[in-house]
Amino acid sequence: MQNLLHNLNPEQLAAVTLPAQPALILAGAGSGKTRVLTTRIAWLIQTGQVSPAGILAVTFTNKAAKEMLTRLSAMLPINTRGMWIGTFHGLCNRLLRAHYRDAALPQTFQILDTQDQLSAIKRLLKSLNVDDEKYPPRNLMYFINNAKEQGLRAQYVEANDDYNRRFVELYAAYENQCQREGVVDFAELLLRTYELLSRNEPLRRHYQSRFRHILVDEFQDTNDLQYKWLKLMAGEHGAVFAVGDDDQSIYAFRGANVGNMAAFEREFHVQNLIKLEQNYRSHGHILDAANVLIANNSKRLGKNLRTDAGHGEPVRIYEASSDIQEANWVIEESKSLIAEGASRSEIAILYRSNAQSRVIEHALFTAGIPYRVYGGQRFFERAEIKHAIAYLQLMDNPHNDSAFLRVVNFPTRGIGARSIEQLQDAARQYGISLYAAVPYISGKAGSSLGAFVKLIEGARFETQHLSLPEMVQIVLETSGLIAHYQNEKEGADRIENLEQLVSAATLFVNEEGFGMDAPALAGPKAQTSAGAAIVSEDGVEIIDADTPLNEVMSPLSAFLSHASLEAGDNQAQAGQDALQLMTVHSAKGLEFDAVFITGLEEGLFPHENSEKADGGVEEERRLMYVAITRAKKRLYMSFSQTRMLHGQTRYNMKSRFFDELPEESLKWLSPKVQHHWFGNQRRSAWDEVADFEANKVAQKFTKQDIGWRIGETVFHQKFGEGVIVNIEGGGTNARANINFGRHGMKLLDLGIAKLEKVAS
DNA sequence: TGCACCCGGTTTTTT
DNA sequence: ACCGGGTGCA
């Protein structure tokens, strides 16, 4: 135990060894948050305060859960498999599998990812003849997910007008459809579990008394339902150990409620609030920049990071004339960093929105520098993988109409829209699934549909004794997917991905302890197995928390859950020593020796849409705080005078965040310019754009008339070289904004100033 | 059945 | 500027 606790600083030690009571840990960026969480778990177990089965640890991402497990198994000589460490959704899935009957779900219920949910909604609207212009599927999806995240079923959603009443009706219809098909969406996993535990007292008591210690990571990211879920799980006596950082709350747009931190403190009567403010990541100037910036936010729980690392280098700031030039500068700087011995993977290029990566990628490609872009399509989201998964889903649960429709005619087998319509009519008439409706279809359509059903059933029969990887391999062949992509020009990559699905299945059965030989379709033993079940004092049969996954699910069901809940990596150039490109959001939780934050312009960062949202700019500032605190040793920030966006050139002002940084920690690589100042009046970027638009015609004229154009490099006797940023007026009144670099921005009368052309 | 064209949208993202 | 989805034609 001495080992476990030594090397912790006083605050960390205090947090790790808190008594079994609700606790809130405000963990700043780079303060050893994960270390505290895992050490707390290890300490609780090692001191005999709780058995591994008494621990419930919740994270948001699979990556975080995996990280926790890895660190724990390094600390403790125990098997971590029985521990309940996972994402909200993963844990809910596990609970619902064990208690599917009480939750009123089929044993083989399947999980819809966002894509699946949207297509299920589109299908619903079509079947109800709803105008999808008036009720856009996407909006309905937001509406439904939003309601579920408030814990509301359709009958409890308040609607004050006809339009919203229709949404509520459609929400109810969607629920019916899902129930009929035996599928649940992500929000449903949470809500269904919440309802199960609220309704079923013996079950609730069982888990409440089992999980004496509940630990929550990234608590600031919880939504309202997740918070209620935690409250229910904790009951009266559960010791909830919540770790979070209100300054890093950047997911309000997807329902996260940072107010849950204050609510937790109040409602759980938190006596133990500990701030982790010692930062082990960044040098002083970087940390100062972060602290001073975030102090501009009003609603904070209050926290200031400190470091022993010394000031280090100042934050370098660069003003580019264009997005292209900005990208080239980033690459030049990266090159010299690499030349000085930096590893490419320790350099990150961050941006606010994905669209900004293109210019940077282009420049990197041209320069021949390897790079990796985060956030592309994930493995299980690829179309060919979704197709293969749909076949497997039908073998597991033939009533999943989404899966049916996805592959009934893929690869094509002569089942067109006409046949499908006929089938859908029959299914609606009898209130059954498409699969079950096939026997009611006669004629040519009936026989081709019948052949499809035979294909699925044949595959089931053929693979009933086979392991999961063997089953996947056979399905790839009998479905005709492999043959289909073999005939396709660009099909080689897709076939490779399909082969990888077999590897993924192999990896899965090994990691989840199913055993390589376990038949994929073998029914779970749970709920009949005397060994696994326990009986509570109320006589209710309860599957124990230690019940292994392979006793509550077949390998196939488990694998399908896995495919929905863990979309997999985007494998692009993984493992290579490459520059790291990503949005600021994706950078959360990561750290790099050197970080570039690019595109720091008004309208982009802070994003223009954030102005409209309540507290939007504060969230942007937190986002900037996250970006800054990713850097260990060196931090660059850049902005550009012009940028291509949506096919149009925009002239943005530099970000207001520059005004919120401590000057003494900054080093301006290009001189600070009086950007967009007219006399004493500071004009917004949008005024500039308006002027620009209004003067477009005049500019065209001036271009021919006086021979100057925007973007052109000119030479001036006194100011030296400069770049024309804007031209206004025409003829003899024409004036130009010219950026003379270290002499600043000047507004010159083109008729008076003596400018010379400079070849560029 | 598949390709060509048009239209609309375009901040951030995990499960 | 670019992508994805939907429609219409060969």
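Quantities reported herein were computed from a predicted structural model and do not represent experimental measurements.
Counting to the nearest Å, the P atom of B/dT13 and the CD1 atom of A/Ile250 are 9 Å from each other. Taking atom CG on A/Asn487 and atom C1' on B/dG2, their separation rounds to 15 Å, with Å as the unit. Note: CG (A/Asp217) to P (B/dT15) measures 13 Å, nearest angstrom. If you take NE2 of A/His484 and C1' of B/dG2, they are 11 Å apart, rounded to a whole angstrom. Counting to the nearest Å, the P atom of B/dT14 and the CG atom of A/Asn257 are 20 Å from each other. Rounded to whole Å, atom P of B/dG9 lies 16 Å from atom CG of A/Leu645. Residue A/Asn145 contributes atom CG, which lies 12 Å from atom C1' of B/dT14 at whole-angstrom precision. Put simply, OH on A/Tyr251 is 6 Å from P on B/dT14, counting in whole angstrom units.
Among the heavy atoms of the strands lying under 4.0 Å from A/Asn354 are primed sugar atoms or P, OP1, OP2 only; no base atom is included. Contact annotation for A/Asn409: backbone-only contact, meaning every heavy-atom pair under 4.0 Å involves sugar-phosphate atoms and none involves a base. Residue-level contact check: A/Lys588 touches neither bases nor backbone, having no heavy atom under 4.0 Å from any strand. The residue A/Asp221 sits apart from the nucleic acid: no heavy atom pair falls under 4.0 Å. Residue contacts shown for A/Phe88 are absent, as no nucleic acid heavy atom lies under 4.0 Å away. If you check every strand for non-hydrogen atoms under 4.0 Å, A/Phe253 touches a base.
Nucleotides C/dG4 and B/dT13 have their P atoms positioned 16 Å apart, rounded to a whole Å.
Below 30°, between 30° and 60°, or above 60°: for A/Phe559 and A/His562 the angle between ring planes is below 30°, a parallel geometry. Ring geometry, A/Phe452 versus A/Phe404: the interplanar angle exceeds 60°, so the pair is classed perpendicular (tilted spans 30 to 60°). In this pair, A/Phe657 and A/Phe605 present their aromatic rings perpendicular. The plane angle is above 60°, beyond the 30 to 60° band.
Evaluated for a side chain to side chain donor-acceptor pair (under 3.5 Å) with A/Glu566, the options A/Lys66, A/Lys63, A/His89 yield exactly one hit, A/Lys66.
OP1 or OP2 of B/dT13 has at least one side-chain nitrogen or oxygen of A/Thr583 nearer than 4.0 Å. OP1 or OP2 of B/dT10 has not a single side-chain nitrogen or oxygen of A/Ser353 nearer than 4.0 Å. A close approach under 4.0 Å does occur between a side-chain nitrogen or oxygen of A/Arg378 and OP1 or OP2 of B/dT15. Here A/Asn62 does not reach the OP1 or OP2 of B/dT14: none of its side-chain N or O atoms lies under 4.0 Å away.
Considering only residues two or more places apart in sequence or on other chains, A/Glu660 meets the salt bridge (Lys or Arg N to Asp or Glu O under 4.0 Å) condition with A/Arg621.
Taking every side-chain heavy atom of A/Thr412 into account, B/dG2 is the closest of B/dG2, B/dT14, B/dT12.
Applying the salt bridge (Lys or Arg N to Asp or Glu O under 4.0 Å) test to residues at least two apart or on different chains, the pairs with a partner in residues 119-147 of chain A are A/Arg123-A/Glu181.
Protein chain A touches strand DNA chain C; the 5'-most and 3'-most nucleotides with an atom under 4.0 angstrom of its non-hydrogen atoms are C/dA1 to C/dG6.
Residue A/Thr114 places a side-chain atom within donor-acceptor reach of the base of B/dT15, judged by atom type and a 3.5 Å distance cut-off alone.
In summary, A/Asp493 and A/Arg382 do not engage in a salt bridge, as defined by a charged side-chain N under 4.0 Å from a carboxylate O.
A cation-pi arrangement is absent between A/Arg622 and A/Tyr625, since the terminal nitrogen or guanidinium carbon is not both under 6.0 Å from the aromatic centre and inside a 45° cone about the axis.
Between A/His585 and A/Gly416, the one whose closest nucleotide on DNA chain B sits nearer the 5' end is A/Gly416.
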